[in-house]
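What follows is a short report on a single structure.
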Amino acid sequence: MPELPDVEAVRCDLQRSLVGATVRAAQCADARLARPGSPSAFARVLVGRTFEQVVRRGKWLRLDLDDGARVFSHLGMTGGWRQVAIDAPPLRFERARIDVGRHGRASSLRYVDSRRFGRLIAGRKDIADWMALGPDPLVEGIDDRRLFEAFAKRRRAVKEILMDQRVIAGVGNILATEALWVARIDPRSPGNALLPVHARAIAKAIQRAIAREFANRSRKGDGPADSFYVYGRAGKPCPRCGARLSSVDLGGRTSAFCRRCQILRRR
DNA sequence: CGGCATGTTGCGCA
DNA sequence: TTGCGCAACATGCC
(Lines give C-alpha, C1' and ligand atoms only; values in the text may rest on other atoms or scores of the structure.)
Protein backbone atom coordinates (compact mmCIF):
# COMPACT_ATOMS: atom_id res chain seq x y z
CA MET A 1 0.00 0.00 0.00
CA PRO A 2 2.99 2.33 -0.18
CA GLU A 3 4.20 5.11 -2.49
CA LEU A 4 3.35 8.73 -1.95
CA PRO A 5 -0.13 8.87 -3.55
CA ASP A 6 -1.34 5.87 -1.53
CA VAL A 7 -0.01 7.29 1.72
CA GLU A 8 -1.59 10.66 0.95
CA ALA A 9 -4.94 8.92 0.53
CA VAL A 10 -4.47 7.25 3.92
CA ARG A 11 -3.58 10.63 5.42
CA CYS A 12 -6.86 12.09 4.17
CA ASP A 13 -8.84 9.18 5.60
CA LEU A 14 -7.12 9.40 8.99
CA GLN A 15 -7.46 13.15 9.08
CA ARG A 16 -11.19 12.78 8.55
CA SER A 17 -11.76 10.04 11.10
CA LEU A 18 -9.27 11.13 13.75
CA VAL A 19 -9.14 14.89 14.18
CA GLY A 20 -10.99 15.86 17.34
CA ALA A 21 -11.19 12.23 18.48
CA THR A 22 -9.99 11.29 21.95
CA VAL A 23 -8.16 8.05 22.58
CA ARG A 24 -9.91 5.68 24.99
CA ALA A 25 -7.55 2.73 24.61
CA ALA A 26 -4.55 1.86 22.48
CA GLN A 27 -2.41 -1.16 21.99
CA CYS A 28 0.53 -2.18 19.82
CA ALA A 29 1.03 -5.90 20.09
CA ASP A 30 4.14 -6.14 17.96
CA ALA A 31 7.57 -5.04 19.18
CA ARG A 32 8.95 -5.22 15.66
CA LEU A 33 6.72 -2.35 14.53
CA ALA A 34 7.77 -0.06 17.36
CA ARG A 35 11.45 0.20 16.58
CA PRO A 36 12.87 2.47 17.75
CA GLY A 37 10.71 2.61 20.85
CA SER A 38 8.69 0.20 22.88
CA PRO A 39 5.19 -1.14 22.22
CA SER A 40 4.16 -0.33 25.77
CA ALA A 41 4.87 3.37 25.17
CA PHE A 42 2.06 3.28 22.65
CA ALA A 43 -0.83 3.19 25.11
CA ARG A 44 0.98 5.32 27.69
CA VAL A 45 1.48 8.15 25.21
CA LEU A 46 -1.93 7.99 23.58
CA VAL A 47 -4.66 7.30 26.10
CA GLY A 48 -6.61 10.40 27.09
CA ARG A 49 -5.15 12.60 24.36
CA THR A 50 -6.99 14.14 21.42
CA PHE A 51 -5.80 14.05 17.80
CA GLU A 52 -5.17 17.44 16.22
CA GLN A 53 -3.87 16.70 12.74
CA VAL A 54 -2.31 14.09 10.47
CA VAL A 55 0.78 15.14 8.53
CA ARG A 56 2.54 13.28 5.73
CA ARG A 57 6.06 13.55 4.43
CA GLY A 58 7.10 11.05 1.82
CA LYS A 59 5.79 7.66 2.89
CA TRP A 60 5.65 8.59 6.57
CA LEU A 61 2.58 9.72 8.48
CA ARG A 62 2.70 11.69 11.71
CA LEU A 63 -0.38 11.80 13.93
CA ASP A 64 -0.18 14.84 16.19
CA LEU A 65 -1.86 14.92 19.60
CA ASP A 66 -2.97 17.87 21.71
CA ASP A 67 -0.13 17.62 24.24
CA GLY A 68 2.72 17.50 21.74
CA ALA A 69 2.91 13.72 21.60
CA ARG A 70 3.00 12.13 18.17
CA VAL A 71 2.69 8.80 16.45
CA PHE A 72 4.74 7.93 13.39
CA SER A 73 3.31 5.40 10.98
CA HIS A 74 5.08 3.87 7.99
CA LEU A 75 3.07 1.34 6.03
CA GLY A 76 6.03 -0.62 4.71
CA MET A 77 4.93 -2.90 1.93
CA THR A 78 1.60 -4.20 3.22
CA GLY A 79 0.46 -1.88 6.01
CA GLY A 80 -2.90 -0.14 6.22
CA TRP A 81 -5.39 1.50 8.60
CA ARG A 82 -9.02 0.38 8.85
CA GLN A 83 -11.80 2.05 10.78
CA VAL A 84 -14.22 -0.44 12.29
CA ALA A 85 -16.86 -0.63 15.02
CA ILE A 86 -15.51 -0.47 18.55
CA ASP A 87 -16.49 -4.07 19.26
CA ALA A 88 -15.28 -5.55 15.95
CA PRO A 89 -13.15 -8.67 16.40
CA PRO A 90 -9.46 -8.50 15.47
CA LEU A 91 -8.89 -8.29 11.74
CA ARG A 92 -6.61 -10.65 9.88
CA PHE A 93 -3.00 -9.47 10.44
CA GLU A 94 -4.10 -6.81 12.89
CA ARG A 95 -0.98 -5.53 14.70
CA ALA A 96 -2.24 -2.50 16.61
CA ARG A 97 -5.44 -0.69 17.50
CA ILE A 98 -6.52 2.75 18.63
CA ASP A 99 -9.98 3.05 20.15
CA VAL A 100 -11.35 6.56 20.01
CA GLY A 101 -14.45 8.54 20.90
CA ARG A 102 -15.75 11.63 19.17
CA HIS A 103 -19.08 13.44 19.57
CA GLY A 104 -20.04 10.66 21.97
CA ARG A 105 -19.50 7.96 19.35
CA ALA A 106 -16.90 5.24 19.71
CA SER A 107 -14.96 3.61 16.91
CA SER A 108 -11.73 1.72 16.46
CA LEU A 109 -8.79 2.13 14.13
CA ARG A 110 -6.89 -1.04 13.36
CA TYR A 111 -3.44 -1.26 11.85
CA VAL A 112 -3.06 -4.33 9.66
CA ASP A 113 0.24 -5.43 8.12
CA SER A 114 0.87 -8.98 6.97
CA ARG A 115 4.58 -8.68 6.31
CA ARG A 116 5.31 -6.33 9.22
CA PHE A 117 7.72 -4.17 7.29
CA GLY A 118 5.80 -1.16 8.61
CA ARG A 119 6.62 0.93 11.67
CA LEU A 120 4.52 2.41 14.45
CA ILE A 121 6.29 4.64 16.92
CA ALA A 122 4.75 6.77 19.66
CA GLY A 123 6.80 9.47 21.32
CA ARG A 124 7.20 13.14 22.07
CA LYS A 125 9.74 14.20 19.49
CA ASP A 126 10.45 13.68 15.81
CA ILE A 127 12.33 10.51 14.92
CA ALA A 128 15.55 10.45 12.90
CA ASP A 129 13.94 8.75 9.90
CA TRP A 130 11.40 11.54 9.63
CA MET A 131 13.97 14.29 9.98
CA ALA A 132 16.27 12.76 7.38
CA LEU A 133 13.60 12.88 4.65
CA GLY A 134 14.29 15.04 1.64
CA PRO A 135 11.71 17.45 0.22
CA ASP A 136 8.27 16.02 -0.46
CA PRO A 137 6.99 16.69 -4.00
CA LEU A 138 3.56 17.81 -2.73
CA VAL A 139 4.62 19.57 0.48
CA GLU A 140 7.77 21.49 -0.45
CA GLY A 141 7.92 20.68 -4.15
CA ILE A 142 11.00 19.52 -6.04
CA ASP A 143 13.90 21.91 -6.44
CA ASP A 144 15.45 21.24 -9.86
CA ARG A 145 18.84 22.55 -8.79
CA ARG A 146 18.98 20.41 -5.67
CA LEU A 147 17.94 17.36 -7.64
CA PHE A 148 20.65 18.00 -10.19
CA GLU A 149 23.26 18.25 -7.44
CA ALA A 150 22.08 15.00 -5.88
CA PHE A 151 22.56 13.33 -9.26
CA ALA A 152 25.91 14.98 -9.97
CA LYS A 153 27.70 13.57 -6.94
CA ARG A 154 26.71 9.95 -7.48
CA ARG A 155 27.56 7.48 -10.16
CA ARG A 156 24.89 4.95 -9.30
CA ALA A 157 21.87 4.53 -11.52
CA VAL A 158 19.50 7.49 -11.63
CA LYS A 159 16.59 5.28 -10.61
CA GLU A 160 18.34 4.21 -7.42
CA ILE A 161 19.09 7.84 -6.57
CA LEU A 162 15.44 8.76 -7.07
CA MET A 163 14.36 6.08 -4.60
CA ASP A 164 16.69 7.45 -1.91
CA GLN A 165 14.27 9.06 0.56
CA ARG A 166 16.86 11.70 1.48
CA VAL A 167 16.83 12.99 -2.11
CA ILE A 168 13.08 13.14 -2.69
CA ALA A 169 10.65 11.81 -0.09
CA GLY A 170 7.97 9.42 -1.28
CA VAL A 171 9.35 8.14 -4.57
CA GLY A 172 9.31 4.35 -4.67
CA ASN A 173 9.76 1.73 -7.33
CA ILE A 174 6.52 2.51 -9.15
CA LEU A 175 6.91 6.29 -9.25
CA ALA A 176 10.59 6.13 -10.19
CA THR A 177 9.87 3.67 -13.00
CA GLU A 178 6.95 5.70 -14.31
CA ALA A 179 8.67 9.09 -14.01
CA LEU A 180 11.75 7.99 -15.92
CA TRP A 181 9.57 6.71 -18.73
CA VAL A 182 7.74 10.05 -18.83
CA ALA A 183 11.08 11.89 -18.84
CA ARG A 184 12.46 9.57 -21.56
CA ILE A 185 15.57 8.74 -19.55
CA ASP A 186 17.02 5.24 -19.24
CA PRO A 187 16.85 4.19 -15.55
CA ARG A 188 20.40 2.78 -15.78
CA SER A 189 21.94 6.18 -16.60
CA PRO A 190 24.54 7.12 -13.98
CA GLY A 191 23.44 10.12 -11.92
CA ASN A 192 26.59 12.03 -12.74
CA ALA A 193 25.88 11.73 -16.46
CA LEU A 194 22.76 13.86 -16.21
CA LEU A 195 22.54 17.56 -17.00
CA PRO A 196 20.40 20.22 -15.30
CA VAL A 197 17.88 19.93 -18.13
CA HIS A 198 17.44 16.25 -17.31
CA ALA A 199 16.88 16.98 -13.61
CA ARG A 200 14.21 19.47 -14.59
CA ALA A 201 12.52 16.94 -16.86
CA ILE A 202 12.60 14.29 -14.14
CA ALA A 203 11.15 16.69 -11.55
CA LYS A 204 8.24 17.47 -13.85
CA ALA A 205 7.81 13.79 -14.69
CA ILE A 206 7.54 12.85 -11.01
CA GLN A 207 4.76 15.38 -10.55
CA ARG A 208 3.01 14.01 -13.60
CA ALA A 209 3.36 10.42 -12.42
CA ILE A 210 1.92 11.39 -9.02
CA ALA A 211 -1.02 13.15 -10.67
CA ARG A 212 -1.67 10.11 -12.80
CA GLU A 213 -1.71 7.80 -9.81
CA PHE A 214 -4.22 10.06 -8.07
CA ALA A 215 -6.38 9.88 -11.18
CA ASN A 216 -6.04 6.11 -11.20
CA ARG A 217 -7.01 5.91 -7.55
CA SER A 218 -10.13 8.02 -7.93
CA ARG A 219 -11.40 5.62 -10.55
CA LYS A 220 -10.57 2.53 -8.56
CA GLY A 221 -10.63 1.40 -4.95
CA ASP A 222 -7.74 0.87 -2.59
CA GLY A 223 -4.47 -0.75 -3.46
CA PRO A 224 -2.20 -0.10 -6.37
CA ALA A 225 -3.75 0.92 -9.61
CA ASP A 226 -2.74 -1.31 -12.48
CA SER A 227 -3.02 1.26 -15.22
CA PHE A 228 0.65 2.16 -15.29
CA TYR A 229 2.58 3.35 -18.31
CA VAL A 230 5.34 0.76 -17.95
CA TYR A 231 5.57 -0.52 -14.36
CA GLY A 232 5.07 -4.27 -14.41
CA ARG A 233 4.64 -4.29 -18.18
CA ALA A 234 7.99 -5.65 -19.39
CA GLY A 235 7.51 -7.61 -22.60
CA LYS A 236 4.49 -5.53 -23.59
CA PRO A 237 4.57 -2.70 -26.11
CA CYS A 238 5.74 0.77 -25.09
CA PRO A 239 2.63 2.99 -24.97
CA ARG A 240 4.59 5.72 -26.75
CA CYS A 241 6.56 4.02 -29.50
CA GLY A 242 5.35 0.42 -29.53
CA ALA A 243 8.75 -1.18 -28.96
CA ARG A 244 8.85 -4.17 -26.63
CA LEU A 245 9.48 -2.99 -23.06
CA SER A 246 12.62 -4.28 -21.34
CA SER A 247 13.28 -5.18 -17.73
CA VAL A 248 16.40 -4.55 -15.65
CA ASP A 249 17.38 -5.12 -12.02
CA LEU A 250 18.69 -2.01 -10.27
CA GLY A 251 19.57 -2.09 -6.61
CA GLY A 252 17.51 -5.22 -6.19
CA ARG A 253 14.35 -3.72 -7.69
CA THR A 254 12.87 -4.49 -11.07
CA SER A 255 12.46 -1.69 -13.56
CA ALA A 256 10.57 -1.77 -16.81
CA PHE A 257 11.72 0.65 -19.47
CA CYS A 258 11.79 1.26 -23.20
CA ARG A 259 15.16 0.85 -24.89
CA ARG A 260 13.97 2.84 -27.87
CA CYS A 261 12.60 6.01 -26.32
CA GLN A 262 14.37 6.17 -22.94
CA ILE A 263 17.84 7.45 -23.69
CA LEU A 264 20.87 6.05 -21.87
CA ARG A 265 23.14 8.92 -20.79
CA ARG A 266 26.84 8.29 -20.42
CA ARG A 267 29.64 10.38 -19.03
C1' DC B 1 7.84 -25.99 -5.25
C1' DG B 2 9.98 -21.57 -7.03
C1' DG B 3 9.79 -16.88 -7.94
C1' DC B 4 8.18 -12.39 -7.28
C1' DA B 5 6.33 -8.30 -4.58
C1' DT B 6 4.34 -0.89 -3.81
C1' DG B 7 10.17 -0.81 1.42
C1' DT B 8 13.90 -0.17 4.61
C1' DT B 9 17.98 -1.64 7.42
C1' DG B 10 22.38 -3.31 8.62
C1' DC B 11 26.82 -4.94 7.43
C1' DG B 12 31.30 -5.19 5.21
C1' DC B 13 34.25 -2.80 2.16
C1' DA B 14 36.49 1.02 -0.29
C1' DT C 1 32.08 10.41 6.41
C1' DT C 2 30.10 8.92 2.17
C1' DG C 3 28.97 5.83 -1.36
C1' DC C 4 28.23 1.16 -2.92
C1' DG C 5 26.41 -3.67 -3.24
C1' DC C 6 23.89 -7.16 -0.95
C1' DA C 7 21.56 -10.10 2.15
C1' DA C 8 17.91 -9.93 5.38
C1' DC C 9 13.42 -9.05 7.22
C1' DA C 10 8.01 -11.97 6.88
C1' DT C 11 4.34 -13.34 4.30
C1' DG C 12 0.97 -13.65 0.42
C1' DC C 13 0.08 -14.81 -4.11
C1' DC C 14 0.56 -16.81 -8.76
Side-chain angles (χ1 to χ4, degrees), chain A residues 1-11 29-37 56-61 72-81 91-96 111-121 127-134 136-137 149-181 187-194 206 209-210 212-217 220-235 247-256 267:
Chain A
M1 186 91 211
E3 300 257 338
L4 188 154
D6 307 296
V7 183
E8 175 61 15
V10 173
R11 189 197 69 77
D30 198 313
R32 197 185 146 69
L33 293 175
R35 79 227 121 100
R56 180 196 59 76
R57 277 173 53 79
K59 303 168 197 172
W60 279 96
L61 293 166
F72 292 89
S73 169
H74 192 296
L75 305 176
M77 210 85 115
T78 53
W81 289 95
L91 305 176
R92 193 172 184 217
F93 305 124
E94 182 179 306
R95 311 296 186 189
Y111 178 70
V112 292
D113 188 349
S114 64
R115 290 174 75 178
R116 286 186 285 178
F117 284 180
R119 313 267 294 276
L120 194 57
I121 299 146
I127 59 173
D129 288 315
W130 170 272
M131 291 189 291
L133 292 171
D136 180 285
E149 282 159 10
F151 289 151
K153 68 178 181 188
R154 289 172 240 225
R155 78 175 66 172
R156 67 164 40 183
V158 58
K159 175 160 172 285
E160 296 178 72
I161 300 171
L162 282 181
M163 290 193 296
D164 184 336
Q165 300 302 296
R166 296 168 302 183
V167 175
I168 300 176
V171 176
N173 202 24
I174 295 177
L175 280 180
T177 297
E178 295 286 279
L180 288 169
W181 180 84
R188 300 169 296 175
S189 304
N192 60 6
L194 300 183
I206 289 169
I210 289 170
R212 178 172 166 97
E213 285 203 36
F214 277 126
N216 287 343
R217 293 193 58 91
K220 314 183 71 135
D222 278 354
D226 60 4
S227 44
F228 300 116
Y229 294 119
V230 295
Y231 176 81
R233 307 184 68 83
S247 179
V248 66
D249 188 281
L250 293 172
R253 319 303 296 277
T254 302
S255 303
R267 324 192 57 218

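Only a predicted model underlies this, so the values are computations on that prediction, with no experimental measurement involved. In what follows, every chain begins at residue 1, and chains take the letters A, B, ... in the order their sequences are listed.
- Remark: A/Tyr231 OH to A/Asn173 CG distance equals 5.5 Å, nearest 0.5 Å.
- Side-chain N or O atoms of A/Arg154 include none that pairs as donor or acceptor with a backbone N or O of A/Gly191 at under 3.5 Å.
- Between the OH atom of A/Tyr111 and the CZ atom of A/Arg119 there is a distance of 10.5 Å, given to the nearest 0.5 Å.
- For the atom pair OG of A/Ser114 and CE of A/Met77, the computed distance is 10.0 Å after rounding to the nearest 0.5 Å.
- Taking atom NZ of A/Lys59 as the reference point, atom P of B/dT9 lies 11 Å away to the nearest angstrom.
- Put simply, CE on A/Met77 is 14 Å from P on C/dG12, counting in whole angstrom units.
- Distance A/Leu33 CG to B/dT9 P: 14 Å, rounded to the nearest Å.
- When the side-chain nitrogen and oxygen atoms of A/His74 are compared with OP1 and OP2 of B/dG7, none of them lie within a distance under 4.0 Å.
- With hydrogens and angles ignored, a donor-acceptor pair closer than 3.5 Å exists between the side chain of A/Arg115 and the base of B/dA5.
- For the pair A/Thr78 and C/dA10, the criterion of a side-chain N or O lying under 4.0 Å from OP1 or OP2 is not met.
- Map A/Gly251 and A/Lys153 each onto its nearest nucleotide of DNA chain C; the residue landing nearer the 5' end is A/Lys153.
- Both geometric conditions, a ring-centre gap below 5.5 Å and a plane tilt below 30°, are fulfilled for A/Phe117 over the base of C/dC9.
- Following rounding to the nearest Å, A/Met163 (CE) and C/dG3 (P) show an atom-to-atom distance of 16 Å.
- Rounded to the nearest Å, the gap between the P atom of C/dA10 and that of B/dC11 is 15 Å.
- We find that A/Asp30 and A/Arg32 are not joined by a salt bridge, their nearest charged nitrogen and carboxylate oxygen being 4.0 Å or further apart.
- Rounded to whole Å, the separation between the P atoms of B/dG3 and C/dA8 comes to 16 Å.
- For the pair A/Asn192 CG and C/dT2 C1', the interatomic distance rounds to 15 Å; values are reported in whole Å.
- If you take atom C1' in B/dT6 and the same atom in C/dG5, they sit 22 Å apart, rounded to whole Å.
- Taken together, the paired segments of DNA chain C that extend over three or more consecutive Watson-Crick or G-U pairs, each closer than 3.5 Å at both contacts, are B:2-5 with C:11-14, B:7-14 with C:2-9.
- Summary of the strand contacts: A/Arg32 and A/Glu160 both lie near DNA chain C, and taking for each the nucleotide with the nearest heavy atom, the more 5' one is attributed to A/Glu160.
- Under 4.0 angstrom from either OP1 or OP2 of C/dG3 there lies no side-chain N or O belonging to A/Arg155.
- No engagement by A/Arg166 is indicated, since no non-hydrogen atom pair under 4.0 Å with the nucleic acid exists.
- Residue A/Arg253 places at least one side-chain N or O closer than 4.0 Å to OP1 or OP2 of B/dT6.
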Step-by-step side chain to side chain contact (heavy atoms under 4.5 Å, CB included) determination, A/Phe151 to A/Val158: CA-CA 7 Å; A/Phe151 289 151; A/Val158 58; 3.6 Å; yes

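- Contact annotation: A/Gln165 side-chain N/O to B/dG7 OP1/OP2 distance is not under 4.0 Å.
- One interatomic measurement links the two molecules: CG of A/Leu162 to C1' of B/dG7, which rounds to 16 Å at whole-angstrom precision.
- Nucleic acid contact for A/Arg119: sugar-phosphate only, since backbone atoms but no base atoms lie under 4.0 Å from a heavy atom of the residue.
- Of the options A/Ile206, A/Val230, A/Leu162, a side-chain contact (heavy atoms from CB on, under 4.5 Å) to A/Leu180 is made by A/Leu162 and by none of the others.
- Summarising the geometry, atom CD belonging to A/Glu8 is positioned 8.5 Å from atom CG belonging to A/Leu61; distances are rounded to the nearest 0.5 Å.
- In this structure, of B/dT6, C/dG5, C/dT11, it is C/dT11 that holds the atom nearest to the side chain of A/Ser114.
- Distance, A/Arg116 CZ to B/dT9 P: 18 Å, rounded to whole Å.
- With rounding to whole Å, A/Asp249 atom CG is found 14 Å from B/dG3 atom P.
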